[in-house]
Amino acid sequence: MNITEIVLPAVGEPESLEVRLRERPQPGPGQALVRVEASGVSFAEQQMRRGKYYDMPAFPFVPGYDLVGIVEELGAPAPSTQPGPAVGQRVAALTKTGGWADHVLLDAADLVPVPEGVGAVEAETLVTNGATAWRMLFRTAQVRPGDTIVVHGANGGVGSVLVQLARAQDVRVIGTASARNQEAVAALGALPVDYRDDVPARVRKLAPHGVAAVFDHVGGKGIKGSWRMLAPGGTLVSYGSASTRDQSGNGTLTVLRLVARLALWNALPNGRGAHFFNLWAGKARNPQRYRDALREDLTEVFELLRSGTVRAQIDRVYPLHQAAAALRHAESGTVVGKVVLAPGAEHTA
């Protein structure tokens, strides 16, 4: 039996993606074969198809940063302190690459159970985005009830989750977005600000003493404005460089320059902190600790989704074979929430 996967063969436009068949893999010891129900389309794939994503694999490869699916087969169990998944169980996984397929072979230890009553596409919106938002808010910035924060791109995949998680903890949120997305940002509970305005000036009017944290996925020259918005003791969390997406040049150097700038600011004796957030930090050094923390964080986020405290922000669902159209749409600047690939979908939703 064959499986279907989407391959990115080289640097190119979304239409360069290829649909390929290959032999269905068999799980070895400690592995699980997962039938993919949903996989996300994220900024990472936008950078990868340009050859600009930091630490990306060599071409050709299968994109797909995360997934949700059903365990179909298990290999022999491996020693573990955690109970393993069961055949037929819905699970989530961070993959970085490989998720754009109808079946994926993964380490069973990397799978996180999805609670009963939570759909695959809904859960998918909160795998990368939920883990990223939760960790940035509560592990990196340590935001507390009553704080005021700024979320750039509050209508986006990570941004919309940041807003919801913060509002659930009684945190006041100022969210930047385009004019067309102001209503969507307000519906999430944030105070909308047009990103084309003088954002630092607008924020000073809304928070005269500065804000407790700024979450910035844009990078570029605007990162200076994010730093200026902080109150004494505030934290800037940078987690991307979207402003440089279409610029030529080495993506790794862009990230390294950003990290160096943040490190310099972080060393200043003014009580403010600056951090570059990397979702994969610590995995190579201590894989088990990383897995345990990811399971803990995603379990918290999935429970908020199950209870209705957080809502899945689904922009559009595409079938797997329309991955090129999905990636093109994700880059359109019109997205509110998450673009999702669903191998079982028959048409664009």
Side-chain angles (χ1 to χ4, degrees), residues 3-22 36 38-68 93-104 121 124-125 127-129 132 152-153 155-159 217-220 238-258 276-280 314-343 345 348:
I3 68 170
T4 302
E5 58 188 16
I6 305 299
V7 175
L8 182 59
V11 171
E13 296 301 311
E15 291 73 22
S16 68
L17 289 167
E18 300 174 359
V19 180
R20 295 186 185 177
L21 299 178
R22 70 177 179 91
V36 179
S39 182
V41 182
S42 66
F43 183 69
E45 286 86 33
Q46 298 176 38
Q47 291 292 72
M48 287 179 187
R49 69 104 171 158
R50 293 170 168 83
K52 295 179 63 176
Y53 185 80
Y54 179 75
D55 197 29
M56 64 183 285
F59 295 108
F61 64 91
V62 177
Y65 211 79
D66 57 11
L67 62 85
V68 171
L94 282 171
T95 53
K96 188 177 284 188
T97 59
W100 290 5
D102 59 12
H103 287 78
V104 176
V121 173
E124 161 52 39
T125 67
V127 182
T128 297
N129 294 349
T132 298
H152 288 296
N155 60 294
V158 175
H217 73 299
V218 182
S238 171
Y239 64 103
S241 55
S243 66
T244 64
R245 188 191 69 179
D246 296 318
Q247 295 178 9
S248 61
N250 188 303
T252 299
L253 290 178
T254 298
V255 172
L256 291 177
R257 283 194 293 266
L258 176 58
F276 185 81
F277 178 82
N278 176 9
L279 183 58
W280 301 94
I314 304 166
D315 182 88
R316 195 174 297 182
V317 179
Y318 289 82
L320 183 63
H321 69 272
Q322 291 185 11
L327 183 53
R328 179 68 71 187
H329 175 63
E331 298 184 12
S332 67
T334 65
V335 173
V336 178
K338 190 74 178 275
V339 177
V340 178
L341 289 174
T348 304

Quiz item: Where the side chain of Asp315 meets the backbone of Val336, is there a donor-acceptor pair that is under 3.5 Å apart?
Solution: yes
Quiz item: Between Ser238 and Leu258, which heavy-atom pair has the shortest distance, and what is it?
Solution: OG-CD2, 3.3 Å
Quiz item: Has the side chain of Glu18 got a donor or acceptor atom that lies under 3.5 Å from a matching backbone atom of Val7?
Solution: no
Exercise. Apply the side-chain contact (heavy atoms from CB on, under 4.5 Å) test between Tyr53 and each candidate in Gln47, Gln46, Glu45; give the one that qualifies.
Key: Gln47
Quiz item: What are the two closest heavy atoms between Leu8 and Arg49, and how far apart are they?
Solution: CD2-CA, 3.6 Å
Quiz prompt | Main-chain N/O of Thr128 paired to Asp66 side chain as donor or acceptor, under 3.5 Å | solution = yes
Quiz item: Just by distance, do the side chain of Thr97 and the backbone of Pro63 share a donor-acceptor pair under 3.5 Å?
Solution: no
Practice problem: Would you name the heavy atoms of Ala101 and Glu5 that are closest together and state the gap between them? | Solution: CB-CB, 3.7 Å
Quiz item: Which heavy atom of Pro60 sits nearest a heavy atom of Pro9, and at what distance?
Solution: CB-CA, 3.8 Å
Quiz prompt | Interatomic distance, His152 atom NE2 to Tyr239 atom OH [nearest 0.5 angstrom] | solution = 9.0 Å
Exercise. Can you label the angle between the Tyr65 ring and the Trp280 ring as parallel, tilted or perpendicular, going by 30° and 60°?
Key: perpendicular
Quiz prompt | Considering all heavy atoms, the nearest Val317-Ile314 contact | solution = CG2-CG2, 3.8 Å
Quiz item: Does any non-hydrogen side-chain atom of Leu17 lie less than 4.5 Å from one of Trp100?
Solution: yes
Quiz prompt | Any residue meeting side chain to side chain donor-acceptor pair (under 3.5 Å) with Ser16, in chain and number order, not counting sequence neighbours | solution = none
Practice problem: State, with a plain yes or no, whether a side-chain heavy atom of His329 is found less than 4.5 Å away from one of Thr334. | Solution: yes
Quiz item: Tell me, do Lys338 and Asn129 make a side-chain contact under 4.5 Å, heavy atoms counted?
Solution: yes
Quiz item: Do Val19 and Ile6 have side-chain heavy atoms sitting under 4.5 Å apart?
Solution: yes
Quiz prompt | Among Val68, Leu67, Leu320, side-chain contact (heavy atoms from CB on, under 4.5 Å) partner for Val36 | solution = Leu67
Self-check item: Donor-acceptor under 3.5 Å (Asp102 side chain, Thr4 main chain)
Solution: yes
Quiz item: Where is the tightest heavy-atom contact between Pro14 and Glu331, given as atom of each residue plus distance?
Solution: CG-OE2, 4.5 Å
Self-check item: Main-chain N/O of Gly64 paired to Thr95 side chain as donor or acceptor, under 3.5 Å
Solution: yes
Quiz item: Can you tell me how far OG of Ser42 sits from CE of Met48, rounded to the nearest 0.5 angstrom?
Solution: 7.0 Å
